[in-house]
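Following: one structure in structure tokens, then a few remarks.
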Amino acid sequence: MCALARAKRPLLDVREVVLVALLAAVGGVLSTYVGYIGNLINRLFGVPFGAGQLIAGLHILWPILARLLTAKFGSGTLTGVTKGVVEFLSGGTHGVVIVLISFVEGLLVDLGMGISRRSSLVLTMLTGAIASASNVFLFQAIYFAGVSPTFILVMAALSLVSGAFFGGYLGWDIRRFLIASRLVPQRATATPRASSLRGHILTLTVVLALLAGGIYYYTSVYDPFSAPDSARIEGALSSPYTFCYSDWEDKAVMVTAELLGSSTYVPPQDYTGIPLADLLERAQPKEGAQTVLVIAEDGYEVSFDLPAVLGDETVILSLDRGRLRLIATGYEGSYWVRRVRKIVVR
Amino acid sequence: MIPKVSYHAGTLGLHRATPVANLLLLSGFLIVVLAAPGILVKLGAFGLVMILTALSGEGVGTFLRNIRFVLLFAFVLFLAQALSVRDGTVLFSFGLPVTDQGLLAGAQMALRFLVILSSSLLFVLVTDPDRLAHAIVRLGIPYRYGFILVLALRFVPFFRREYRTVREAQHVRGVDASIRSLAGLRRAIRYTFLPVLVSGLTRVDSVAISMKGRCFGLYPKRTVTRKEHWHQMDWVTAALFVLLLGITVLARRYAWL
Amino acid sequence: MIKIEELCVRYPDRDRPALRGVSERIEPGEVVVVTGPSGCGKSTLCRVLAGFIPGMIPAEVEGEISLDGVSVWEADPARIATHLGLVQQDPDAQICTLNVWEEVAFGPENLCLAPDEVTARVEQSLDFVGITHLVERETTTLSGGEKQRLAIASILAMRPEVILLDEPTANLDPEGAKNVFDLLGNLRESEGRTLIVVEHRLEPLLTLHPRLLILDEGAIVTRRTTRRHMDLDELGLRAHWDLHPPSIGKSREKVALTVEDLSFGYNNASLFEHFSLELRPGEILGVIGPNGGGKTTLLRLIAGLEHPSKGRVVRSKDSVLGYVFQHPHQQIFERTVRGEFEIEGGIAQERLRHTLSEAKLAGLEEVPPLSLSLGEQRRLTLATALSRDPDLILLDEPFIGQDRWNVMWIVSQILTARQRGAVTLLVSHDIPLVAALCDRLLYLGEEAIEGEPNAVFSHLEAMGKEAFLPTYWEGMRA
């Protein structure tokens, strides 16, 4: 039997629970229509899929409206996840994956709108843009490994713009219209604020910086399908490949090196690993290639002179706690890259 | 690509399992295709989906016909992947070189897509969404939020009707809702989204009054009168989940193909 | 006992108060019927009595309401909910679960009652309203009348001493409405509960011998205990229409609309089989019958929104269609009243001003249409549909939720169009009104019956369809 203590002051009151449910249901039902418009646009552009990202922002509209009409953190996520379940259970074309996509979109709406206590058009549009673009990266992570970064970036850019307009701007506009039509009380919604330019520029810079970093990391470094002890070797090479330490173990050599960093010092000791020169030779660098970049998981990169490395058997990739680490004998500490994920020849 | 799949009542196979048991099985399939490497395991998972479809009395042929766009898209995924991967030994070439690694990567992606979609749609086919929603409320998540799904599903048929009526009203009033330009797109969206949204908003007060008038949200918990009891089929389903989980662990440990 | 003292309610962005200085005492076991024109404050009274204003719907409130001596604004919500239950107008907008059993159990489960008690209450409530056979049905598959009985059952499961019903039959077809009225009689007879009913149709409630309160502009203007039908005539409340529309004459032999041997159905369930109909210019055809009988589908077939599986609909190529949907917001697309007329192909400034002042919407050109009252929205949608001078007018339930003045305005528009020779198909549940207005009636139910109003009624009487007879609404005239 349940205790008769009263519920604590909840996140959403009953009216807001109903509002979230209705928005999720409208969004779920209209997603079929959005898919239909998407197909029209694809046909207009003469492509099988992709141009539909132009209206991806329409999926963000519902969590954004929930956020704008309730001004409560969490309403975006709840709307997103419920909309996803409605689409899934209606036999939607993405299967159960849409629940995850829609959940992340809703969560990003909550996070984005949560930056400032008061909502503003700029913030709403930015939030819409980012939440909308997330679908491209999630789909890529689940299905499209190895698709060219350019393609992903174009998709993401389309989705970003779409999210800003069909998610953020349209949401803002609809809210204004609903208030003017007295369909929602002004009091219950987030109060708009006369835009303070400085606040916006700050928000904008932070968000753009995060976004740029995120996209860079995602497209150039992150690869969800590789083993932790592997690195991608690519660039001006005749046969690029993915290096995996366990396949090369028999070629390992031992070197003695001393780490001289600006703040760290490790006295000379023995390291076992595979010479970088051997790895690069297998990939057959093209004529005219000059440098080799070694890039870590977090985006950190250093550059070496290619001919120098090719002639140096003491620069090796070793295994350090299951991750690749560059032991750059004779180079200073900052060249010793940990958690190597990518090697690019130029 | 719109597969026409929706729940219909049945008495065979997974139809007899409770919604929660079916949900468990679906999550098993997701774990296998997302966490287990190897093509054979994924192929096996797809085979299992087909067997379960047949055992649930759904007819594999009809099911495959219903998801033909999914199959087509899986093939497109396979081609795209096979042609874009340059690593490995070149097997043959027509314009673009096709390598052994490319074929493998393509098969991986296509199968992953296929298993996620087919198991999702099988779940939709055999699981009563109403029972699922009520079951989720009883599952232990705070009922105030669990009920959002019940309410949303409750209003799906209403919004489908409203959507149809609004499209018809556009037609009758001679509203140009075609999409030939960006302005046309904006107008089509506004003329369709707003009326449907407004019909929803005009109901918020009424629904909220109906719920609050019956003490929804007054106490932190509410009585659970009807409980779903697990029967034979639910245990079978749960066993399949454990099996899928076990295969995932083994496949990862021994790097099955 | 309910005591209301000097109650005033004002909504935030409205100029006039919704209720002003209402005082009333309602004794246990009484039946009180509240009526009045739309916008008179009836729904506000219901919502404030049940404690939803100002708690959930923001408004300024003055005065006092007490239930058995406890103020509504200070009382425990569970106490109010188990004392006073509100059944609302639209049955579809107050059901919040997916099947009948869950819906009735919803309240008791929220009250944390023991499972046995919940089960017992569900059984009793369903039995009382007579829908025990529907216990495992999905709520979305019920008819309007069944939904409203379900809504009443779910309120009964809370065991309230007072039941408030806000226009419980407004959205129902005559049969559904009759069932609900019969149910109110049972509640009165066997349970002895206090009933407060807001209604436009008063005749079916007379057998309950209610005390009548008439509200106008937020205040009670008349109190009366009704014992005789004469009372309604004195008060001008009888649903009686004395229209005598001018005859269209026999000279017009041309056929304006023909439906030939039409067959149509949804999912193997046939709605029309070899159905034929001919309408001459100026004719007004009233379409009546139970919901689901095909009334709206007929309009949709004629408008070309559905295609018959056999047969055809013939109308002249240059004929202009005016179609008014049941809910105004479904066909309001623009952001200003002027914009609504521009969709219909533009309208001269002078004519727009004239049309708006005719529809009592003068000066509202730039106002968002959805901010208008329901009555104003209805007049707007009809005015826009008529702005192109259609010669075929399809009206789907235009009178729902409209007060007498609005109804008369709509009727006058239909009669003006008739002078031009326009054909009107009018779908309505308001039997006395269609009986007075229409040249012919079409009943769509288990069978299609078409003819002069009186011929159709005697046929329906022979079939035992008393809910569709005008006399049912006007009381048994001795």
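So you know, we letter chains A, B, ... as the sequences are listed, proteins then strands, and number each from 1. Bear in mind the structure is a predicted one, so any value in this text is a computation, not a measurement.
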Next item on the list: For B/R214 and B/S210, indicate whether the former's side chain and the latter's backbone hold a donor-acceptor pair under 3.5 Å.
Entry: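 Side chain of B/R214 to backbone of B/S210, a donor-acceptor pair under 3.5 Å: yes, one is there.
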Next item on the list: Output the residues of residues 328-340 of chain C for which the shortest heavy-atom distance to chain B is under 4.5 Å, in residue-number order; output 'none' if no such residue exists.
Entry: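 Interface residues of residues 328-340 of chain C: C/H329, C/Q330, C/Q331, C/I332, C/F333, C/E334, C/R335, C/E340.
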Margin query: With a strict 4.5 Å heavy-atom criterion, list every residue of residues 380-394 of chain C that contacts chain B, or say none.
Written below: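 Against chain B, the residues of residues 380-394 of chain C that fall inside the cut-off (heavy atoms, under 4.5 Å) are C/T384, C/R388.
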Notebook entry, point to check: Using non-hydrogen atoms only, which part of C/E138 is less than 4.5 Å away from chain B: side chain, backbone, both, or neither?
Noted result: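 It is the side chain, since no backbone atom gets that close.
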Cationic N near anionic O, under 4.0 Å, [X] to [Y]:
X      : Y      : result
C/D166 : C/K42  : no
B/R173 : C/E342 : no
C/D116 : C/R121 : no

Given a strict heavy-atom distance threshold of 4.5 Å, which part of [X] is in contact with chain C: side chain, backbone, both, or neither?
X      : answer
B/R131 : neither
B/V224 : backbone
B/L153 : both

Note to self: Is there a side-chain contact between C/L86 and C/I155 in this structure, where contact means two heavy atoms from C-beta onward sitting under 4.5 Å apart?
What the structure shows: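 No, their side chains stay 4.5 Å or more apart.
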Notebook entry, point to check: With a 4.5 Å limit on heavy-atom distance, are the side chains of C/L165 and C/V198 in contact?
Noted result: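 Contact flag for C/L165/C/V198 side chains = no.
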Notebook entry, point to check: Hey, does the Lys NZ or Arg CZ of B/R222 hover above the aromatic six-ring of B/Y143, less than 6.0 Å from the centre and inside 45° of the axis?
Noted result: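 Yes - B/R222 lies over the ring of B/Y143, closer than 6.0 Å to its centre and within 45° of its axis.
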Margin query: Is the positively charged end of B/R203 above the ring of B/F158, judged by distance under 6.0 angstrom from the centroid and angle within 45° of the axis?
Written below: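 Pair B/R203/B/F158 counts as cation-pi.
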Next item on the list: Might you work through the side chain to side chain donor-acceptor pair (under 3.5 Å) test for C/Q88 and B/S206, ending with a clear yes or no?
Entry: CA-CA 7 Å; C/Q88 303 176 82; B/S206 185; 3.3 Å; yes
Next item on the list: Apply the test salt bridge (Lys or Arg N to Asp or Glu O under 4.0 Å) to residues C/E397 and C/K295: give CA-CA distance (whole Å), side-chain angles for both, the deciding distance (0.1 Å), then the verdict.
Entry: CA-CA 10 Å; C/E397 298 287 1; C/K295 302 189 301 295; 5.0 Å; no
Who wins among [options] for the most heavy-atom pairs under 4.5 Å with chain C?
options                        : result
B/I209, B/V156, B/D205, B/T202 : B/I209
B/K212, B/H134, B/R190         : B/H134
B/C215, B/P195, B/G213         : B/C215

Checklist line | From CA spacing to verdict: side chain to side chain donor-acceptor pair (under 3.5 Å), C/E109, B/T225 | finding: CA-CA 8 Å; C/E109 288 192 335; B/T225 312; 2.8 Å; yes
Margin query: Parallel, tilted or perpendicular, judged at 30° and 60°: which one describes the rings of C/Y323 and C/F325?
Written below: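 Rings of C/Y323 and C/F325: parallel, as their planes differ by under 30°.
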